[in-house]
Number of protein chains: 4
Amino acid sequence: MSNDDLLKQLLPENEQSKLTDKQRKILESAIEVFAEKGFAATSTNEIAKRAGVAEGTIFRHYKTKKELLAAVVTPLLSKMVAPFLLKDFKRDVFEKEYASYSDFLRKLIENRLKFARSHVQLLKILVQEIAFQPEFKAAYIEIFQENIFPLFKSVVTYFKEKGELKDIPEETIIRLTISTIVSTIVTRIIILNDQSLDEEEYVNETIHFMMNGLGSKS
Amino acid sequence: MSNDDLLKQLLPENEQSKLTDKQRKILESAIEVFAEKGFAATSTNEIAKRAGVAEGTIFRHYKTKKELLAAVVTPLLSKMVAPFLLKDFKRDVFEKEYASYSDFLRKLIENRLKFARSHVQLLKILVQEIAFQPEFKAAYIEIFQENIFPLFKSVVTYFKEKGELKDIPEETIIRLTISTIVSTIVTRIIILNDQSLDEEEYVNETIHFMMNGLGSKS
Amino acid sequence: MSNDDLLKQLLPENEQSKLTDKQRKILESAIEVFAEKGFAATSTNEIAKRAGVAEGTIFRHYKTKKELLAAVVTPLLSKMVAPFLLKDFKRDVFEKEYASYSDFLRKLIENRLKFARSHVQLLKILVQEIAFQPEFKAAYIEIFQENIFPLFKSVVTYFKEKGELKDIPEETIIRLTISTIVSTIVTRIIILNDQSLDEEEYVNETIHFMMNGLGSKS
Amino acid sequence: MSNDDLLKQLLPENEQSKLTDKQRKILESAIEVFAEKGFAATSTNEIAKRAGVAEGTIFRHYKTKKELLAAVVTPLLSKMVAPFLLKDFKRDVFEKEYASYSDFLRKLIENRLKFARSHVQLLKILVQEIAFQPEFKAAYIEIFQENIFPLFKSVVTYFKEKGELKDIPEETIIRLTISTIVSTIVTRIIILNDQSLDEEEYVNETIHFMMNGLGSKS
DNA sequence: TATGAATGAGTTTTCATTCAT
DNA sequence: AATGAATGAAAACTCATTCAT
C-alpha cells in the first residue's frame with residue numbers, strides 16, 4: 001500500500017539516519033524492556049545489557065531515563081496521526097474511493113489493525129505511561145483534537161448527509177465508531193493473541209455490527 | 001438495588017473486620033498511591049507516610065510490597081464476579097425480570113458503571129498490573145472463563161432463541177457486547193471524566209447502538 | 001554414675017524450678033536456633049515463633065537478646081567445671097580409684113565425651129561466641145585457670161612422681177593431654193558424626209596414642 | 001622456602017591482578033571486619049567505610065553480602081591444598097628429603113604453622129562459617145577427601161612399610177596426626193597468642209609426643 | 001504475666017547518574 | 001563516542017525493643 005511509503009516521508013529522515021548502531025540497539029532494547037516490565041520497573045542497567053552497550057553510553061545519548069522514554073514514545077505519536085494527514089486520505093473519502101461509511105470503516109480498521117500489530121510494544125508503553133505521565137496524556141489529547149477529530153467529523157457529516165447514517169449527533173457517532181474500533185483491535189491483538197478466526201471475517205463482523213447492531217428486527 | 005447488599009455478603013466479613021485501624025489506613029493509602037503513580041513507581045515510604053504509620057508496620061502486615069499489591073487487588077477480583085454469582089441474577093434473567101436483551105444490557109451497564117465508578121482506583125491498578133504480572137492475568141482469565149462467560153452464554157442463547165438477536169455465533173455476540181460495554185464505561189469514566197451528557201441518555205445511546213447499529217436503512 | 005546426681009546439686013535448683021513452661025520453651029528454642037544459625041543471624045522473632053510465644057514475652061524475661069544468649073550459655077560454663085569440683089574427683093584420683101594416668105584419661109575422656117554429646121548445641125554456641133564476645137572468653141579462661149588447671153596439675157604431678165609419665169614439664173603434659181582430648185572429642189562428635197567405630201575402641205586408640213605415640217621403636 | 005614461591009604460582013595471577021584498588025580495599029576491609037565481628041554481625045556499611053568506598057561500590061562487585069564472603073573465603077580453600085599439590089612435595093617425601101616420619105611431621109607443622117599465622121583472620125572466618133554455611137562445609141570436605149587424604153595415606157603407608165610406625169590402621173594414624181597438628185597450631189596461635197616458648201622447641205615437643213607419647217616406660 | 005501491634009533505626013540492595021579514561 | 005568504575009541517595013526490608021491492653 002502506498003500509505004506506508006508516504007508514512008515514511010512524514011518521519012524526519014534525518015533523525016532516523018543519524019542513529020548509530022549503538023543508539024538503535026539502545027532504542028530497541030528500551031522498547032523491549034519497557035514493554036515487558038513497564039517504565040518504572042525497568043533499570044537502565046538492564047537496557048544497557050540487552051543492548052550490548054555500557055550503561056554510560058545510554059546517558060551519552062539521553063540525558064535521563066525519562067528522556068529515553070520520550071525518545072521511544074514520541075515518534076509513535078506522529079506515526080499515529082500520519083495517515084490522517086495524508087493528502088490522499090481526504091480525497092479518497094470524498095472522491096468516491098470510499099463509496100460508503102462501511103467501506104471507510106473497513107479501510108480504517110484494516111489500516112489501524114496493521115499499525116497496531118507492528119507497534120504492539122510501543123503502544124503498550126504509550127498506554128501505560130499515558131496513565132501516569134500527564135505530558136503524554138496532554139500530547140495525546142492535543143493530537144486527537146487537532147488532527148483526528150476534525151477530519152473524522154467531516155467524514156461523518158459527509159455520510160450523514162448522504163443519508164447513510166442514522167440521525168444521531170455526530171459526536172455520538174464518532175465516539176461509538178472510535179471506541180468500537182479501538183476495542184475491536186485491542187480484543188483481537190491482546191486478548192485473542194491475533195489468532196481466532198480469519199481477519200477478514202473478524203473485520204466484517206465488526207463492521208456489520210457497527211452498521212446494523214445485534215437486534216434481529218428491522 | 002438489593003444486589004449490593006448481597007454483594008457484601010459475599011465478601012469475607014471476618015477479613016474486613018479483623019483489620020486494625022493502621023492496617024486499614026495502609027490499604028487505603030496504598031490504593032491511592034498505586035493508582036496515582038503506578039505500583040513500581042510507588043515507594044513503601046510514601047505509603048507509610050500517607051497512612052501515618054511507620055514503614056516497618058507495612059512489612060509487619062505484608063511481607064513484601066508485592067504482597068501488599070495483591071492484598072489491594074485480589075478482593076476486587078471476587079467483587080467483579082460477585083453479581084454474576086448471585087442467585088437473583090439468573091432468576092431475574094429467566095423469570096422475565098429482563099423482558100428483553102436491551103433490558104438486560106441496561107441493567108448490566110448501569111450496574112457495571114456504578115461498580116467502576118466506585119472502584120476507579122482499584123480498577124486502574126488492576127488493569128496496569130495485569131499488563132505486567134502474569135499471575136494477575138491468569139486469575140482474571142480464570143474468573144472470566146469459569147464464571148462470567150458461561151452465564152453470559154446462557155443469556156445470549158435464551159434471547160437468541162426468543163428471536164430477539166440476529167443469527168450470529170454466540171461467541172461473537174458476547175464479544176461485541178462485552179467489548180462495547182467495556183469501552184463505553186472506559187470512555188465515560190476515564191476519558192469524559194464522568195461528565196458529558198446525562199447518564200441515562202448516554203446509556204440509551206449505547207444500547208440503541210448495540211441493538212441497531214449506526215446505519216440508517218432498515 | 002553418681003557424678004550426675006552431684007552435678008545437679010551444683011546447679012542453682014531455684015533457677016531451674018522457677019522456669020515457667022513458656023520460659024523453658026524460649027530457652028530451648030533459643031538454643032536450637034542459635035546453634036543452627038549463630039547468635040547474630042538469629043532473630044528474636046524466629047525464637048518466639050519456634051517457642052510458640054509472643055515476641056514480647058521473650059523481653060519480659062530477658063531484657064535484651066544478648067541477655068538471652070547469656071542465659072543460654074552461662075549455665076554451661078558452671079556445668080563444665082562441675083565434675084572437677086566434686087569432692088569425689090580428687091579422692092578418686094588419689095585414693096586409687098584411678099590406678100594409672102591412662103585410667104584417669106579413660107574416665108576423663110568418657111565423661112567429657114558424654115558431656116559433649118548431651119550439649120553439642122550449647123557447646124557450638126559457646127565456642128562461636130567465645131570468638132566474638134570478650135566477656136565469654138574471659139569467663140572461660142578464668143574458669144580454666146582457677147578450677148581446672150590446678151587440679152589437673154596435681155594429678156599430673158602425682159602420676160609423674162609415681163614414674164608413670166615422662167620427665168617433661170607439667171604444663172607441656174597438660175597442654176598435650178587437653179588438646180588431644182579436645183580434638184579427639186571434636187573429631188568424633190562433629191567430624192565423624194559420632195559414628196565410625198565403636199566408642200570403646202576409639203577411646204582406647206586415643207589413650208594408647210597419648211601414652212605411647214605412633215613410633216614403632218621402644 | 002621455595003614452597004611459598006610455588007604456592008603463589010598456583011594462584012590465579014589474573015584474578016589477583018584484575019582487581020582495582022577499590023576492590024582490593026573492599027576485600028581487605030571485609031576480611032578484617034568479618035574476622036572481628038563475624039559475618040552476620042558485620043554491616044556492609046562498616047566494610048564500605050573502612051575501605052573508604054561508597055556502599056554501592058561493594059554491590060557493583062559482589063551481588064550480595066554472601067557473595068563477598070565467598071570471594072573472601074574461597075581463595076583460601078585452594079591455598080590450603082596448594083602445598084600438597086606441589087610436585088616437589090611427593091618427591092621430597094619419597095626421595096629421602098624426609099628421612100623419617102618425624103622429619104615429615106616437622107616440615108608439615110612448620111609449613112602449616114606459617115600458613116596459619118599469615119592467614120589467621122581468613123581461617124577464623126572460614127571456621128566460623130563452616131559451622132553455618134553448608135556449602136562451605138561441603139567444599140572443605142571435598143578438598144580434604146580428594147586432595148589431602150590420599151597423599152597423606154601414601155606417606156603413612158610408606159613409613160609404615162619402612163617399619164617406622166606402629167602397626168595401627170592408616171586411618172587411625174592419619175586421624176591422630178592431623179588432629180594433633182591442628183590442635184597444636186590452634187593452641188599456639190589462638191590460645192597462647194603465638195608467644196610462650198620458642199617455636200622450635202614447641203614443635204619438637206609436639207613431634208616427640210606424637211612419636212613416643214607421654215608414658216615413661218618403653 | 002502474656003500478648004502482639006507498632007516502632008524507628010539500621011541493613012541490604014538497587015539504581016540513575018557522573019566522570020576519568 | 002564509548003566505557004565501566006564509582007557514587008550516593010533512595011528503595012525494600014529486618015529487627016530488637018517498647019507499650020497499651
Side-chain angles (χ1 to χ4, degrees), chain A residues 20-23 25-26 40-49 51-68, chain B residues 18-23 25-26 40-48 51-68, chain C residues 20-23 25-26 39-49 51-69, chain D residues 18-23 25-26 40-48 51-68:
Chain A
T20 67
D21 263 14
K22 304 245 167 190
Q23 265 194 73
K25 279 301 284 167
I26 290 172
T42 296
S43 73
T44 49
N45 170 36
E46 181 165 1
I47 297 174
K49 260 186 202 146
V53 160
E55 224 173 330
T57 309
I58 293 181
F59 290 90
R60 283 265 128 218
H61 297 290
Y62 309 96
K63 273 205 283 290
T64 65
K65 189 186 162 194
K66 203 164 175 185
E67 198 172 278
L68 173 59
Chain B
K18 261 181 197 161
L19 296 178
T20 66
D21 266 10
K22 304 247 167 189
Q23 263 193 76
K25 280 300 286 166
I26 290 172
T42 297
S43 78
T44 51
N45 170 33
E46 180 164 4
I47 297 174
V53 162
E55 215 172 336
T57 309
I58 294 179
F59 290 93
R60 281 259 127 208
H61 296 293
Y62 309 96
K63 274 201 282 289
T64 62
K65 189 184 159 195
K66 201 166 176 183
E67 200 173 275
L68 172 59
Chain C
T20 66
D21 263 13
K22 305 245 165 190
Q23 265 194 71
K25 279 300 285 167
I26 289 171
F39 172 71
T42 296
S43 73
T44 49
N45 170 36
E46 181 164 3
I47 297 173
K49 260 186 202 145
V53 161
E55 224 173 329
T57 309
I58 293 179
F59 291 89
R60 284 264 128 219
H61 296 291
Y62 309 96
K63 272 204 285 288
T64 65
K65 187 184 161 195
K66 202 163 175 185
E67 197 171 277
L68 172 59
L69 173 65
Chain D
K18 263 182 196 161
L19 296 178
T20 66
D21 266 11
K22 304 248 167 186
Q23 264 194 76
K25 279 300 285 167
I26 290 172
T42 296
S43 76
T44 50
N45 170 32
E46 180 163 2
I47 297 173
V53 162
E55 218 172 335
T57 308
I58 293 179
F59 289 92
R60 281 260 126 207
H61 296 293
Y62 309 96
K63 276 201 282 290
T64 62
K65 189 183 159 195
K66 201 166 174 182
E67 200 172 276
L68 172 59

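The structure presented is a predicted model; accordingly, all values stated were derived computationally and were not measured. Each chain gets a letter, A, B and so on, in the order its sequence line appears, and its residues count up from 1.
- In terms of phosphate contacts, K63(A) brings no side-chain nitrogen or oxygen within less than 4.0 Å of OP1 or OP2 of dA16(E).
- In this structure, the nucleotide among dA11(F), dA16(F), dA16(E) sitting nearest to the side chain of K65(A) is dA16(E).
- Using modelled atom types, no side-chain atom of K65(B) and backbone atom of S43(B) make a donor-acceptor pair closer than 3.5 Å.
- Remark: K66(C) engages Q133(C) in a side chain to side chain donor-acceptor pair (under 3.5 Å) (not counting sequence neighbours).
- Rounded to whole Å, atom P of dA12(F) lies 10 Å from atom CD of E46(B).
- Residue contacts shown for T44(C) include a base, since a base heavy atom lies under 4.0 Å away.
- Put simply, OH on Y62(C) is 17 Å from C1' on dA16(F), counting in whole angstrom units.
- To the nearest angstrom, P of dC13(F) lies 13 Å from CG of N45(B).
- The only option from T20(D), D21(D), L68(D) that meets the side-chain contact (heavy atoms from CB on, under 4.5 Å) definition with I26(D) turns out to be L68(D).
- Within residues 52-61 of chain B, the residues having any heavy atom closer than 4.0 Å to DNA chain F are, in order of number, E55(B), G56(B), F59(B), R60(B).
- When the salt bridge (charged side-chain N to carboxylate O under 4.0 Å, His left out) test is applied to K49(A), no partner is found at least two apart in sequence or on another chain.
- For the pair T42(C) and A40(B), both in contact range of DNA chain F, the more 5′-proximal nearest nucleotide belongs to A40(B).
- The minimum heavy-atom distance between A40(A) and A40(B), with the atom names listed, is CB-CB, 3.7 Å.
- Considering only residues two or more places apart in sequence or on other chains, T44(A) meets the side chain to side chain donor-acceptor pair (under 3.5 Å) condition with E55(A).
- Taking atom CD1 on I26(A) and atom C1' on dT3(F), their separation rounds to 12 Å, with Å as the unit.
- Rounded to whole Å, atom P of dG4(E) lies 17 Å from atom CG of L19(B).
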- Pairing of DNA chain E as dot-bracket, 5' to 3': ( ) intra-strand, [ ] crossing, | other strand, . unpaired, with Watson-Crick or G-U pairs under 3.5 Å? .||||||||||||||||||||
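- Per the geometry, CG belonging to D21(A) stands 13 Å off C1' belonging to dA1(F), to the nearest Å.
- At whole-Å resolution of the value, NZ in K22(D) and P in dC19(E) are 15 Å apart.
- Between F59(D) and E67(D), the closest side-chain pair of non-hydrogen atoms is not below 4.5 Å.
- Two residues, K66(A) and T64(D), neighbour DNA chain E, and the one matched to the more 5' nucleotide by heavy-atom proximity is T64(D).
- The minimum heavy-atom distance between A51(D) and K25(D), with the atom names listed, is CB-O, 3.6 Å.
- The CD-P distance, from Q23(A) to dT3(F), rounds to 12 Å in whole Å.
- Considering only residues two or more places apart in sequence or on other chains, T57(D) meets the side chain to side chain donor-acceptor pair (under 3.5 Å) condition with none of them.
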